Number of protein chains: 2
Amino acid sequence: METGQRLRRAAVSLFARHGYAAVSMRQIAAETGVQVGALYNHTTDKQSLLFDLLSDHMDDLMAALDQVVLPADPVLALEAFTRFHLRYHAERPDAVFIAYMELRNLTPENFMQVESQRRAYEARLEEILRRGKAGGVMHVADVKLACLAIIALLTGVTTWFRPAGRLSQAEVEDIYWDMTRRLVDA
Amino acid sequence: METGQRLRRAAVSLFARHGYAAVSMRQIAAETGVQVGALYNHTTDKQSLLFDLLSDHMDDLMAALDQVVLPADPVLALEAFTRFHLRYHAERPDAVFIAYMELRNLTPENFMQVESQRRAYEARLEEILRRGKAGGVMHVADVKLACLAIIALLTGVTTWFRPAGRLSQAEVEDIYWDMTRRLVDA
DNA sequence: GTCTATATCCGGATAGAC
DNA sequence: GTCTATCCGGATATAGAC
């Protein structure tokens with residue numbers, strides 16, 4: 001595997017475990033399998049490394065969502081979104097973790113960029129809820145709050161889910177879809 | 001105000017904004033209004049400072065919950081818990097934030113201690129859900145997952161709630177109680 | 001592209017005067 | 001209790017040989 005890719009994987013893994021500020025370029029180099037100096041052939045500095053990881057993660061997430069065919073029916077669309085979100089996040093726990101834990105370690109400019117990417121993703125969910133509310137098939141007191149609540153609910157799964165745990169990915173998905181559906185009374 | 005208290009407030013504020021690892025003892029000293037050396041009259045080292053903040057926060061949270069009279073009726077108890085959790089967390093956004101963001105910066109021993117305190121708190125919610133399910137007044141597919149879901153849902157509020165925002169504390173509380181209630185179909 | 005070596009700075013923590 | 005001064009290790013990033 002090329003060094004650039006190994007570097008990124010090492011950084012994601014270490015940032016997720018110990019946090020951006022607590023991880024040194026020396027540790028990343030060791031995990032990558034090169035000496036420190038060599039890292040700078042693949043990233044301009046540590047901040048750019050973090051930004052690229054987060055920004056690319058959001059791009060990938062958005063691109064993956066675009067591959068999902070969201071049904072016209074709002075309730076079916078919400079189910080598709082829920083299952084997509086859970087599955088995508090379960091497959092990339094480290095990337096997801098740093099994507100919302102390390103936002104504050106971005107420079108203000110980089111933060112604004114990633115934030116706008118995150119808002120674009122949440123807008124997809126908001127749109128589904130808005131249609132569900134308008135069509136009278138969901139009870140949503142406040143679309144924005146319901147959107148934030150559902151995102152928090154679903155993303156929280158990544159903090160404890162382990163494939164070898166008590167419940168399988170499919171079981172967790174079913175139970176969370178059930179809770180999400182009830183939350184909007186669909 | 002005594003230095004020890006100023007130190008703790010400075011640390012909470014700085015850790016919440018920039019993260020434990022990214023904050024230096026020199027910054028904390030500046031915010032406290034003393035020189036670096038003086039800090040060590042009030043804490044043995046940086047790790048102890050973090051641990052004390054987190055552990056005391058969990059103690060305070062638990063003590064505050066103990067002051068709340070939880071009704072015998074599970075649905076009313078869930079409402080009381082929900083409103084308590086939202087209110088307590090809204091009043092201490094910084095302390096709450098670091099209490100779940102900085103867990104990984106604790107030494108393993110300190111982590112285990114704080115984790116057990118957190119589990120004791122969540123056990124209170126689990127008990128309510130278990131009673132509601134047993135009594136047939138709540139639909140809960142999996143008590144453990146519902147507990148984690150509700151905690152994630154409610155705690156997520158602290159990431160965006162601002163007293164000067166679109167909705168008042170009371171409005172947010174009502175809307176979130178409505179969503180929580182629906183989530184367990186009560 | 002990667003290595004070794006290094007410049008430069010900042011980190012936590014301590015010592016000892018006041 | 002707080003101050004100034006300092007130890008010493010480790011941080012990011014760069015330079016130049018290969």
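These numbers were taken from a predicted model, which means no experiment stands behind them.
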Report the distance from atom [atom1] of [X] to atom [atom2] of [N], rounded to the nearest whole Å.
X: A:Leu7; N: C:dT2; atom1: CG; atom2: P; value: 10 Å
X: B:His42; N: D:dG1; atom1: NE2; atom2: C1'; value: 6 Å
X: B:Asn41; N: C:dA13; atom1: CG; atom2: P; value: 14 Å
X: B:Ile28; N: C:dC10; atom1: CD1; atom2: P; value: 17 Å

May I ask you to test the [X]-[Y] pair for a side-chain heavy-atom distance under 4.5 Å?
X: A:Pro93; Y: A:Val96; value: no
X: B:Arg8; Y: B:His42; value: no
X: A:Leu54; Y: A:Asn110; value: no
X: B:Tyr88; Y: B:Asp60; value: yes

(message) Looking at A:Met112, I'd like to know if its CE atom is crowded, meaning that more than 12 non-hydrogen atoms belonging to other residues, nucleotides or ligands lie closer than 6.0 Å.
(response)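 No, CE of A:Met112 has 12 or fewer neighbouring heavy atoms, counting only those of other groups under 6.0 Å.
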
Identify each atom pair where a protein N or O and an N or O of nucleotides 11-15 of chain D are less than 3.5 Å apart, giving names and distance.
| from | atom 1 | to | atom 2 | distance (Å) |
| --- | --- | --- | --- | --- |
| D:dA11 | N7 | A:Arg26 | NH1 | 3.4 |
| D:dT12 | OP1 | A:Met25 | N | 3.2 |
| D:dT12 | OP1 | A:Lys46 | NZ | 3.3 |
| D:dT12 | OP2 | A:Met25 | N | 2.8 |
| D:dA13 | OP2 | A:Tyr40 | OH | 3.2 |
| D:dA13 | OP2 | A:Lys46 | N | 3.1 |

(request) Starting from A:Phe97, walk the hydrophobic network (Ile, Leu, Val, Met, Phe, Trp, Tyr; side-chain heavy atoms closer than 4.5 Å) and list everyone else you reach, by chain and number. (result)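 Result for A:Phe97 is A:Tyr100, A:Met101, B:Phe97, B:Tyr100, B:Met101.
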
(request) Taking only the side-chain nitrogens and oxygens of B:Gln35, find out if one of them lies under 4.0 Å from OP1 or OP2 of D:dT4. (result)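 For B:Gln35, the contact criterion (side-chain N or O under 4.0 Å from OP1 or OP2 of D:dT4) is met.
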
(request) Report yes if at least one side-chain N or O of A:Thr3 is closer than 4.0 Å to OP1 or OP2 of C:dT2; otherwise report no. (result)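 For C:dT2, OP1/OP2 do have a side-chain N/O of A:Thr3 under 4.0 Å.
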
